[in-house]
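One structure is given below, encoded as structure tokens.
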2 protein chains.
Amino acid sequence: MNAITFENLERELKNKKINLSHQRLKILEYLIENQTHPTVDQIYTDLQIDMPTLSKTTVYNTLKLLVKADLVKVITIEDNEARYDINIENHGHIKCESCGTIYDFNIDTDSLISSDLEDFKIDEKSVYFKGICPRCR
Amino acid sequence: MNAITFENLERELKNKKINLSHQRLKILEYLIENQTHPTVDQIYTDLQIDMPTLSKTTVYNTLKLLVKADLVKVITIEDNEARYDINIENHGHIKCESCGTIYDFNIDTDSLISSDLEDFKIDEKSVYFKGICPRCR
DNA sequence: TATAATAATTGTAACAATTACAAAAGTGTA
DNA sequence: TACACTTTTGTAATTGTTACAATTATTATA
């Protein structure tokens with residue numbers, strides 16, 4: 001896996017013929033700098049301070065584009081809001097039910113297998129835990 | 001783990017001081033007979049045929065109650081709708097991105113561990129895959 | 001059994017996340 | 001510059017879910 005740098009992402013985007021508008025750049029920048037699995041609303045609210053004309057639709061559009069291009073993953077650990085992660089490497093997520101924080105943890109999702117799935121084509125594997133984080137215990 | 005029978009569920013509910021109204025019984029019955037990970041809307045639409053006065057709010061209320069009582073699990077494999085599963089045994093879910101079906105598969109989620117989580121209290125473990133099912137390939 | 005207290009259900013309204021869509025603005029190329 | 005094409009914007013619509021108060025049902029008690 002490649003490190004998350006602008007250079008790598010830019011190359012990927014060029015490969016996939018996605019051109020980097022000002023808004024898209026800012027959203028990507030935000031995801032790289034804030035690897036806290038933000039919601040659309042968090043991304044919009046924070047970016048909107050410096051870009052007053054930014055539309056929430058643009059945030060939705062861009063994220064959908066990045067997800068389709070496999071540069072971003074959606075985390076559906078909670079049923080009421082999607083969260084976005086620019087770190088598409090093999091890892092798990094645990095949500096603290098006390099403070100709401102979603103933490104990354106190391107787990108080799110590739111090695112998860114089941115004989116029941118021999119005839120399936122598997123495209124994506126997600127591991128979600130819930131519990132209480134050390135700070136909240 | 002106990003098998004999913006009315007008798008076992010009834011005992012569990014009595015233990016937890018949840019009384020079985022007509023509506024709750026019907027919803028439980030539905031979940032036992034339709035282990036297809038239905039949405040609230042599917043449950044409501046199907047039950048409403050025989051119970052014309054059933055309210056969707058009741059379906060929501062009952063499911064919330066059953067989840068809190070650990071008799072039902074929410075599946076958040078998709079970000080836009082919650083699905084419900086009366087089978088709370090250790091297993092994974094895979095969604096076919098072509099036909100939308102969510103299949104169960106055997107996997108020992110209990111054995112999933114990560115050294116990063118030593119200081120966490122872990123309450124729930126979910127494994128979600130996406131791909132293409134044998135029928136759709 | 002009658003009655004009071006409590007719990008559950010219903011239906012509507014409110015809410016929040018997301019999508020649809022058309023107009024406006026921006027970009028690249030001949 | 002002119003034209004085609006892409007992207008953004010803002011609003012409206014849609015969808016899943018929750019809040020809430022009135023009604024109905026159930027349970028406990030005298």
Side-chain angles (χ1 to χ4, degrees), chain A residues 10 13-30 37-69 71-85 95 100 102, chain B residues 10 13-30 37-69 71-85 95 100 102:
Chain A
E10 257 187 303
L13 289 163
K14 198 161 271 178
N15 281 345
K16 290 173 179 168
K17 301 205 198 307
I18 296 168
N19 58 357
L20 263 186
S21 68
H22 179 59
Q23 288 86 341
R24 290 176 181 173
L25 190 80
K26 283 293 183 183
I27 291 167
L28 262 177
E29 220 175 270
Y30 184 90
H37 322 101
T39 62
V40 167
D41 206 68
Q42 285 164 342
I43 300 169
Y44 170 73
T45 304
D46 289 352
L47 287 181
Q48 178 264 351
I49 295 165
D50 284 331
M51 312 169 70
T53 69
L54 179 66
S55 165
K56 206 177 244 188
T57 301
T58 299
V59 180
Y60 276 105
N61 287 345
T62 302
L63 290 170
K64 186 166 285 183
L65 190 83
L66 295 174
V67 169
K68 199 171 282 177
L71 294 173
V72 164
K73 271 191 77 173
V74 187
I75 301 169
T76 60
I77 199 167
E78 209 56 71
D79 54 321
N80 59 337
E81 57 183 11
R83 288 164 171 278
Y84 295 87
D85 196 350
K95 177 171 183 178
I102 295 178
Chain B
E10 256 187 305
L13 288 164
K14 198 162 271 178
N15 280 345
K16 290 174 180 169
K17 302 206 197 309
I18 296 168
N19 57 358
L20 260 186
S21 68
H22 178 61
Q23 289 85 344
R24 288 176 182 175
L25 189 81
K26 284 292 184 184
I27 291 167
L28 264 178
E29 222 175 87
Y30 184 89
H37 323 99
T39 63
V40 167
D41 206 68
Q42 286 164 341
I43 300 169
Y44 170 74
T45 304
D46 288 351
L47 287 180
Q48 178 265 351
I49 295 166
D50 284 330
M51 311 169 70
T53 68
L54 179 67
S55 165
K56 206 178 244 187
T57 302
T58 300
V59 181
Y60 275 105
N61 287 344
T62 302
L63 289 170
K64 186 167 283 183
L65 191 82
L66 295 173
V67 169
K68 198 171 282 179
L71 294 173
V72 164
K73 271 190 79 172
V74 188
I75 301 169
T76 61
I77 199 168
E78 209 54 71
D79 54 320
N80 58 337
E81 58 185 7
R83 288 165 172 277
Y84 294 87
D85 196 350
K95 176 169 184 178
I102 294 177

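Atom set for the values below is all heavy atoms of this structure, side chains included, hydrogens, waters and symmetry mates excluded. The structure presented is a predicted model; accordingly, all values stated were derived computationally and were not measured. Here is the naming used below: chain letters follow the sequence lines, and residue numbers restart at 1 for every chain.
At a threshold of 4.0 angstrom between heavy atoms, the contacts of A:Thr53 are confined to the sugar-phosphate backbone, with no base atom among them. Within the nucleic acid shown, A:Thr57 comes within 4.0 Å of at least one base atom, counting heavy atoms only. Counting any heavy atom pair closer than 4.0 Å across all strands shown, B:Lys64 reaches sugar-phosphate atoms only and no base atom. Within 4.0 Å (heavy atoms only), A:Asp41 reaches no atom of the nucleic acid at all.
Residues B:Tyr84 and B:Val40 meet the side-chain proximity criterion, which asks for heavy atoms closer than 4.5 Å. Counting heavy atoms from C-beta outward, A:Asn19 and A:Arg24 have side chains that approach closer than 4.5 Å.
Proximity of A:Gln23 to the phosphate of C:dG26: no side-chain N or O atom is located under 4.0 Å from OP1 or OP2. Distances shorter than 4.0 Å separate some side-chain N or O of B:Thr58 from OP1 or OP2 on C:dT10. OP1 or OP2 of C:dT19 has not a single side-chain nitrogen or oxygen of A:Tyr60 nearer than 4.0 Å.
The one candidate from A:Val72, A:Val59, A:Asn61 that meets the side chain to side chain contact (heavy atoms under 4.5 Å, CB included) condition with A:Ile27 is A:Val59.
The interatomic distance linking A:Arg24 (CZ) with C:dA25 (P) rounds to 19 Å, in whole Å. What separates NE2 of A:His22 from P of C:dG26 is a distance of 12 Å, to the nearest Å. C:dT18 atom P lies 8 Å from atom CD of A:Glu81, rounded to whole Å.
Within 6.0 Å of atom NZ in A:Lys26, 12 or fewer heavy atoms from other residues, nucleotides or ligands are found, so the atom counts as exposed in its surroundings. Heavy atoms from other residues, nucleotides or ligands lying under 6.0 Å from NZ of A:Lys16 number more than 12.
DNA chain C is contacted by both B:Asp79 and B:Lys17; B:Lys17 maps to the nucleotide lying nearer its 5′ end (nearest heavy atom per residue). Nearest-nucleotide positions on DNA chain C place B:Leu54 closer to the 5' end than the other of B:Asn80 and B:Leu54.
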May I have the step-by-step check of side-chain contact (heavy atoms from CB on, under 4.5 Å) for A:Leu13 and A:Leu28, ending in yes or no? CA-CA 11 Å; A:Leu13 289 163; A:Leu28 262 177; 3.5 Å; yes

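Note that the first and last nucleotides of DNA chain D, 5' to 3', having any atom under 4.0 angstrom from a heavy atom of chain B are D:dG16 to D:dT27.
A salt bridge links A:Asp41 to A:Lys56: one of the charged nitrogens lies within less than 4.0 Å of a carboxylate oxygen.
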